[in-house]
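Here's the structure we're looking at; comments come further down.
Starting from 1, each residue takes its place in the sequence as its number.
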Amino acid sequence: MGLDPAVSDHQLAFGEYPTVPYPTGHVGPPPGMTIEEAFRAFHAANPHVYRELVLLARRARRRGVERIGIGMLFEVLRWNVALRTGGDEFKLNNNYRSYYARLIMMREPELADVFETRQLHAVVDAAVQTEA
């Protein structure tokens, strides 16, 4: 299915393109684990992810970038791995992004202010449960 160059932007029917089904399976941490616990387990099993994210952040800093989005680094890492491996077997859970941003800022002094962070949902949820 290709685009007819004669079709104007107003005539495009994007809804007609094939789609993949929305995931219906479990997308959170494994049963019985918090997101933080799942992150810690993933990080321990995959230390190369941290190293690659730090290399990407340092490269951006050297090029004069003051603020970096951890989501952008995740996508670049996914892209780089896909190009190296020729496949999509590499899984990087978006739930871990804020944890990686915090870990990088804590461990790498030159990157201490590179990411903007917000309060973790898990912290907010725990505070609400304590108040109830």
Side-chain angles (χ1 to χ4, degrees):
M1 178 186 278
L3 278 180
D4 179 352
V7 174
S8 76
D9 288 346
H10 297 291
Q11 295 171 313
L12 294 175
F14 292 112
E16 294 176 11
Y17 271 77
T19 60
V20 294
Y22 188 79
T24 56
H26 182 73
V27 293
M33 292 180 83
T34 65
I35 292 173
E36 182 176 344
E37 291 166 340
F39 163 74
R40 289 177 183 275
F42 178 85
H43 175 60
N46 299 280
H48 59 283
V49 171
Y50 175 84
R51 288 192 302 267
E52 296 250 1
L53 291 170
V54 169
L55 286 173
L56 290 170
R58 285 183 176 150
R59 184 179 306 157
R61 266 292 167 91
R62 282 194 306 273
R63 304 286 276 170
V65 178
E66 293 296 319
R67 302 294 275 183
I68 302 168
I70 191 68
M72 175 182 66
L73 296 185
F74 261 48
E75 296 307 326
V76 170
L77 181 55
R78 286 178 175 129
W79 172 256
N80 289 342
V81 170
L83 291 180
R84 281 197 306 256
T85 63
D88 62 356
E89 291 301 311
F90 181 68
K91 302 296 183 201
L92 191 55
N93 191 324
N94 283 341
N95 290 337
Y96 304 154
R97 293 188 309 185
S98 63
Y99 290 97
Y100 272 113
R102 286 169 170 79
L103 185 62
I104 290 168
M105 291 191 299
M106 286 188 281
R107 289 189 174 171
E108 312 298 328
E110 76 279 12
L111 299 172
D113 62 346
V114 75
F115 302 109
E116 180 180 306
T117 57
R118 294 177 180 85
Q119 190 169 22
L120 292 168
H121 290 287
V123 173
V124 173
D125 294 344
V128 170
Q129 286 178 350
T130 337
E131 292 173 6

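Atom CD of Glu52 is separated from atom CZ of Arg78 by 13.5 Å, given to the nearest 0.5 angstrom. Taken from CZ in Phe39 to OG1 in Thr34, the straight-line distance is 11.5 Å, to the nearest 0.5 Å. The CD atom of Glu75 sits 8.5 Å away from atom CG of Leu92, with the distance rounded to the nearest 0.5 Å.
By the criterion of side-chain heavy atoms lying less than 4.5 angstrom apart, applied directly or through intervening Ile, Leu, Val, Met, Phe, Trp or Tyr residues, Leu103 is grouped together with Met72 in one hydrophobic cluster. Leu55 and Leu111 fall into different hydrophobic clusters, where Ile, Leu, Val, Met, Phe, Trp and Tyr are joined by side-chain heavy atoms under 4.5 Å apart, directly or via other members. In the hydrophobic clustering of this structure, Leu56 groups with Val65; members are Ile, Leu, Val, Met, Phe, Trp, Tyr whose side-chain heavy atoms approach within less than 4.5 Å, directly or through other members.
Around atom CZ of Arg67, more than 12 heavy atoms belonging to other residues, nucleotides or ligands sit under 6.0 Å away.
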Quiz item: Val49 and Phe42: side-chain contact (heavy atoms from CB on, under 4.5 Å), yes or no, with the steps?
Solution: CA-CA 9 Å; Val49 171; Phe42 178 85; 4.0 Å; yes
Quiz item: Please walk me through it: do Met105 and Asp113 pass side-chain contact (heavy atoms from CB on, under 4.5 Å)?
Solution: CA-CA 7 Å; Met105 291 191 299; Asp113 62 346; 5.9 Å; no
Practice problem: Please lay out, stage by stage, how Arg51 and Val54 fare under the test side-chain contact (heavy atoms from CB on, under 4.5 Å). | Solution: CA-CA 5 Å; Arg51 288 192 302 267; Val54 169; 5.9 Å; no
Quiz item: Can you list the steps and then say if Val114 with Glu66 is a side-chain contact (heavy atoms from CB on, under 4.5 Å)?
Solution: CA-CA 6 Å; Val114 75; Glu66 293 296 319; over 6 Å; no
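Between Glu110 and Arg58, at least one side-chain N (NZ, or NE/NH1/NH2) sits under 4.0 Å from a carboxylate O, which counts as a salt bridge.
Arg102 places a side-chain N or O within 3.5 Å of a backbone atom of Ser98 that can act as its donor or acceptor partner.
When all heavy atoms of Met33 and Ala41 are compared, the closest pair comes out as CE-CB, 4.2 Å. The two atoms that bring Asn46 and Tyr100 nearest to each other are O-OH, 4.2 Å, heavy atoms only. For the residue pair Ala44 and Pro47, the shortest heavy atom distance occurs at O-CD, 3.7 Å.
Ile68 is listed as a side-chain neighbour of Phe115, based on a closest heavy-atom distance under 4.5 Å.
Note that Arg40 lies outside the cation-pi zone of Tyr96, set by a 6.0 Å cut-off to the ring centre and a 45° limit from the axis.
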